[in-house]
Amino acid sequence: MIDLRSDTVTRPTPAMRRAMSEAEVGDDVYGEDPTVNRLEQRAAEIMGKEAGLFVPTGTMGNTVGVKVHTQHGQEIICEARSHLLDWELSMTAWFSGCLVRPILAENGILRWDAVSAAIRPGGAHSAPTSLLEIENTHNMAGGTVYPMDVLQDVCGHAHDAGLRVHLDGARIFNAACHLNKPVRELAAPADTVMFCLSKGLGAPAGSMLVGTEEAIERGRLYRKRLGGGMRQVGVLAAAGSIALEEMPHRLGEDHSNARFLATELAKLPGIQLDPARVQTNIIVFDITGTGLATAEISARLKDRGVLMNSANPRQMRAVTHYDVTRDDCATAAAALSEVVSRT
Ligand code: TLP
């Protein structure tokens, strides 16, 4: 099977499996797992922040990140298709008691004029806005990357307006690779950053939350409340360390495979897609012109050995990653060609 459903499907590399079997471990709830401690320190260093927290999932990292910056009854601004809003079971409401005020932005990239118009001052009738959430790369907008000047501008103004900024950087290494910049430059404008070890970086599980010592110390308690106090979790952190140190340099390969796949898909009848807009490893494309529903396309592709999911009723999403080769992309495009021409 050629699995283009997500980069979450990557399997641990042989080096990760070796590191897992040899990992030095202790009880992390007592702060005694040396492998986790090292990973947390390295993640903070690489991101240019004071401290780091190992969390089981990106969802937990975002949940804790939101919680440390907000109080119940406040508002959070984010992009309308953000993962935080659409794919995390309303954790902002359930755990943090906050209302999300979404803004639909071109390519998923929030700009200050739109953000400033959505800020609520708080008062007799309105709840105050306390947090801006940014997603970079933006998943459902098609792996789009914030231009550095836009990122600095929107975050800088948000801080001046008294907001905190949480960055959902599940794929921040993909963004850094696209911009050819050190990842810490992309992390700098945010107060906290969540990034995933388990997506393009290939670890079997795990994400990191980084920020100030104070935010991470409080975050550690929220992680425990959420049931994320794991014990000898150095076995996972060992794989995470390899993901962090050894995998970012190869992401460009996934990006060029995605661009190649997009170029092939764009040739197919009924598919709307501009390959020039594919910046990283995610392709989101419109299939309405094929006359088929996304579920039908997924089912027919599966019969031909290709796994691909819908992003929404009008669009499919294809994601390239470590376990997908250029040849796989060519095969997948040929399979989709067959599917759309047999309607
Ligand atoms: N995204 C998954 C699905 O949940 C959609 C995927 O296949 O892309 N932030 C962003 C931007 C994400 O894309 C994801 C996962 C998360 C957070 C949450 O990470 P996990 O799945 O580890 O909770």
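Both backbone and side-chain heavy atoms feed into the values below; hydrogens, waters and symmetry mates do not. When a ligand or atom number is given, it counts from 1 through the structure's own listing order.
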### Task
Answer side chain, backbone, both or neither: which part of L84 comes under 4.0 Å from ligand 1, heavy atoms only.
neither
### Message
For atom 9 (N) of ligand 1, what is the closest protein heavy atom, and at what distance to 0.1 Å?
### Response
D168 OD2, 2.7 Å
### Message
Would you say that Y222 contacts V66 through its side chain, given a criterion of any heavy-atom pair below 4.5 Å between the two side chains?
### Response
no
### Task
Between T59 and ligand 1, find which residue part has any heavy-atom pair under 4.0 Å and reply side chain, backbone, both or neither.
both
#### Entry: ligand 1 to E135 polar contact by distance, N or O atoms, under 3.5 Å
no
### Geometric N/O contact H83 with ligand 1, under 3.5 angstrom
yes
### Query
Does the side chain of L336 reach to within under 4.5 Å of the side chain of I297, using non-hydrogen atoms?
yes
### Min N/O separation D7 to ligand 1 under 3.5 Å
no
### Shortest protein contact, atom 20 (P) of ligand 1 (heavy atom only)
G58 N, 3.5 Å
### Task
Inspect the surroundings of CG in N180 and state if more than 12 heavy atoms from other residues, nucleotides or ligands are less than 6.0 Å away.
no
### Message
Applying a heavy-atom cut-off of 4.0 Å, say which part of K199 lies close to ligand 1: side chain, backbone, both or neither.
### Response
side chain
#### Entry: Close N or O approach (R317, ligand 1; < 3.5 Å)
yes
### Message
Looking at R300 and E296, is any side-chain nitrogen of the basic one under 4.0 Å from a carboxylate oxygen of the acidic one?
### Response
yes
### Summary
Logged contact type for R171 with ligand 1, heavy-atom cut-off 4.0 Å, is side chain
### Query
Do any N or O atoms from the side chain of N174 and from the backbone of T280 form a donor-acceptor pair under 3.5 angstrom?
no
### Message
Can you confirm, on distance only, whether ligand 1 has an N/O atom lying under 3.5 Å from any N/O atom belonging to A170?
### Response
no
### Sub-3.5 Å N/O-N/O distance, E88 and ligand 1
no
### Summary
Quick note on ligand 1: atoms under 4.0 Å from a heavy atom of T57 include exactly 22 (O), 23 (O)
### Task
Dump the intermediate steps for side chain to side chain contact (heavy atoms under 4.5 Å, CB included) on T320 and F260, then the final yes or no.
CA-CA 10 Å; T320 57; F260 166 76; over 6 Å; no
### Query
Is E133 reaching over with its side chain to a backbone N or O of I76, donor-acceptor style, under 3.5 angstrom?
no
### Query
Could you go step by step and tell me if N62 and H166 meet the side-chain hydrogen bond (donor to acceptor under 3.5 Å, both in side chains) rule?
CA-CA 8 Å; N62 280 340; H166 172 71; 2.9 Å; yes
### Query
Would a 4.5 Å heavy-atom cut-off, applied to side chains only, mark M208 and E40 as touching?
yes
### Query
Does any N/O atom on S6 come nearer than 3.5 Å to any N/O atom on ligand 1?
yes
